Amino acid sequence: MSEQTQSGIPTIVVKREPTTPIETDEIRALVSAAGHSVVGERTQVGPEDSGTYLGRGALDDLSTVVDSTGAGQVVVDDELTPGQHHSIETALPDGTRVLDRYRLVLGLFESGANTRRARLQVELATLRYDLPRVIESADEGLLNESVEKGSPVYDIRDRIDRLERKLAETPDPADQFRKRRREEGFDLVTIAGYTNAGKSTLLRLLADELCLEAEIETETEPESGFESTSTDETTTTAAVADRLFETLETTTRRATIDGRPVLATDTVGFVSDLPHWLVASFSETLSEAAAADAVILVADASDPCEEFREKLTVALDVLDEQGVDRENVITACNKTDRLTEGELESRLAIAEAFAPSPIPISARAEANLDSLRSAVRARLPTERATLQMPAGDEAMAVVSRAYDRTSVETVDYDGSTVRVVCDGPPSVVERLRARTEELEFEAETDL
């Protein structure tokens, strides 16, 4: 049964020592994000039991608590082996559902998947995770007897095979989108970081006056031979909410950084102690960072120092695994409006140990965003061009295109000639040069 149909289940949370208020708050937030209510907590002291996770005495105590509170679900803030999961479920009152941290997050991904491809990816990840647990809980004799006539285990394996084939045959629209936009001269910027670090708020600020990815349409202008971009200015604001997994799928907005048109993509947020294979198994958003010209790593500077350091370590390690060049990463220490001067200095000192020149910002207060934009602009690929062509309507179209897609330094009109000096993305500069050469050739042919 999906998370959508099991909302509002009274839940017991099981944690292990050592645990901090931050860790407790996060597991409670995960349970709340899934639509459930926490009616009790248990903290297990001592080493983990390989067979039951909790140990027999603690497991009997947990069963009593579940029965007395009427809880229908137990969430363990850790990863359970298939055997541990089966032992706990067997020891609890009939009908009690057992989820570990990772299975809880998969349920959140399921409820947040809004496209067909995302739903297929989430289903595949969930089935891969559930299969060994179904095998563990099944009777081996019955499994052997049902080889020919089928069983839930074989049904799951068959569904996994079909989903893998279906996804392999389905083109990735994000990949096609990136390729097309690069050809059109857009630079690519990725915003990464943990959930609730302020990524969506920052995206909204960078792209307030621009448009949704799905609403960027292209058409050819017959007079100039260039493509223009039309936008719908009425639906421009990225969704912002203080809840986990607001951006399960990529959210892309068009923005302008110091005159350069860019596409900024907000990625799936990281979650503490979450294996990133779990996210990567159904989402391509992390791989988008490797294709970006600049990556803004948003870090919540209001986190305690140790948590701030740990999250930066994990986030940068994940980006490294995706092949992201550290030189392309800009560390934005967000929520500085919540810090004293001394606290800010300590966070910046921590960040400087990972990356040079971290930038303190407050997306909520819109503070120091110009410094962030300048850092992004410095990482965008640039080529200088001097374009000279015969004056006329076609030349004015080239000048207009240069202003739209590059940083124009000078435009000189010398009688029958127009001369433009500009800096821009190499692909755009190349197209401008090609168009200039066409105009010069046409003018020579007409003589």
Side-chain angles (χ1 to χ4, degrees), residues 174-175 177-193 199 202-211 213 216 218 226-229 231 238 250-267 285-298 316 319-320 322-332 355-359 361 363 368-387 398-410 420-434:
D175 184 57
F177 173 79
R178 289 192 297 271
K179 181 179 179 180
R180 186 169 71 251
R181 293 312 174 194
R182 276 206 182 278
E183 291 173 349
E184 294 170 0
F186 286 95
D187 298 300
L188 304 179
V189 176
T190 292
I191 303 175
K199 298 185 290 93
L202 181 59
L203 178 63
R204 176 181 59 80
L205 292 172
L206 293 176
D208 259 344
E209 299 176 357
L210 297 158
C211 63
E213 167 187 328
I216 300 178
T218 59
F226 289 118
E227 290 178 341
S228 66
T229 302
T231 64
T250 51
T251 304
T252 298
R253 300 289 185 268
R254 187 181 166 192
T256 302
I257 304 293
D258 288 350
R260 288 283 290 271
V262 305
L263 294 178
T265 297
D266 183 9
T267 63
T285 61
L286 295 179
S287 65
E288 296 197 9
D293 300 298
V295 176
I296 303 173
L297 175 57
V298 184
L316 288 167
L319 293 176
D320 285 342
Q322 297 298 321
V324 177
D325 190 334
R326 282 284 181 102
E327 293 184 358
N328 294 335
V329 178
I330 304 158
T331 303
S357 304
I359 300 175
I361 67 168
N368 207 30
L369 297 184
D370 285 343
S371 295
L372 180 61
R373 291 189 179 97
S374 295
V376 172
R377 179 66 178 83
R379 286 165 173 79
L380 302 182
T382 297
E383 185 173 339
R384 169 159 288 218
T386 299
L387 311 171
V398 174
V399 173
S400 176
R401 190 63 172 182
Y403 273 111
D404 284 343
R405 294 294 176 87
T406 70
S407 298
V408 176
E409 183 175 301
T410 61
V420 180
V421 178
C422 61
D423 297 301
S427 61
V428 172
V429 169
E430 182 58 33
R431 293 176 67 184
L432 289 171
R433 283 200 184 104

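Please read these numbers as outputs of a predicted model, since none were measured by experiment. The chain is numbered in sequence order, starting from 1.
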For this session: Work out which heavy atom in Leu205 is nearest to a heavy atom in Ala363; give both atom names and the distance.
Result: CD1-O, 3.0 Å
Exercise. How many angstroms lie between CZ in Arg373 and CD1 in Ile330, if you round to the nearest 0.5 Å?
Worked result: 12.5 Å
For this session: Output the distance between atom CZ (Arg253) and atom CG (Leu263), rounded to the nearest 0.5 Å.
Result: 11.0 Å
Exercise. How many angstroms lie between atom CG of Leu319 and atom CG of Asp325, to the nearest 0.5 angstrom?
Worked result: 11.5 Å
Exercise. Does Lys199 reach the side chain of Leu203, with side-chain heavy atoms less than 4.5 Å apart?
Worked result: no
Seminar exercise, completed: Closest non-hydrogen atoms of Val429 and Gly424, given as atom of the first, atom of the second and distance, are CG2-O, 3.7 Å
Problem set entry | Val399 to Val420 - nearest heavy-atom pair and separation | CG2-CG2, 3.8 Å
Problem set entry | Contacts of type salt bridge (Lys or Arg N to Asp or Glu O under 4.0 Å), residue Arg377, not counting sequence neighbours | none
Exercise. Where the side chain of Thr331 meets the backbone of Val329, is there a donor-acceptor pair that is under 3.5 Å apart?
Worked result: no
Seminar exercise, completed: For Val376 and Ala294, the nearest pair of non-hydrogen atoms, with its separation, is CG1-CB, 4.3 Å
For this session: Decide yes or no for Leu202 and Leu369: does some side-chain heavy atom of the first lie under 4.5 Å from some side-chain heavy atom of the second?
Result: yes
Seminar exercise, completed: dist Ile296:CD1 -> Leu372:CG (nearest 0.5 Å) comes out at 4.5 Å
For this session: First locate atom CD of Glu409, then atom CZ of Arg384, and finally report the distance between them rounded to the nearest 0.5 Å.
Result: 4.0 Å
For this session: Mind checking salt bridge (Lys or Arg N to Asp or Glu O under 4.0 Å) for Asp320 and listing every partner two or more places apart, or none if nothing turns up?
Result: Arg326
For this session: Please check if any side-chain donor atom of Thr190 sits under 3.5 Å from a side-chain acceptor atom of Thr265, or the reverse.
Result: no
Problem set entry | Interatomic spacing from CD1 in Ile359 to CG in Leu297 - rounded to 0.5 Å | 11.5 Å
Problem set entry | salt bridge (Lys or Arg N to Asp or Glu O under 4.0 Å) partners for Asp404, two or more places apart | none
Exercise. Counting only N and O atoms by type, is there a donor-acceptor contact under 3.5 Å from the side chain of Arg379 to the main-chain atoms of Ala375?
Worked result: yes
Exercise. Considering only heavy atoms from C-beta outward, does the side chain of Val262 approach that of Asp293 to under 4.5 Å?
Worked result: no
For this session: Side-chain contact test, heavy atoms from C-beta onward, threshold under 4.5 Å: evaluate it for Ile257 versus Leu206 and give yes or no.
Result: yes
Problem set entry | Side chain proximity check, Asp187 to Pro381, heavy atoms < 4.5 angstrom | yes
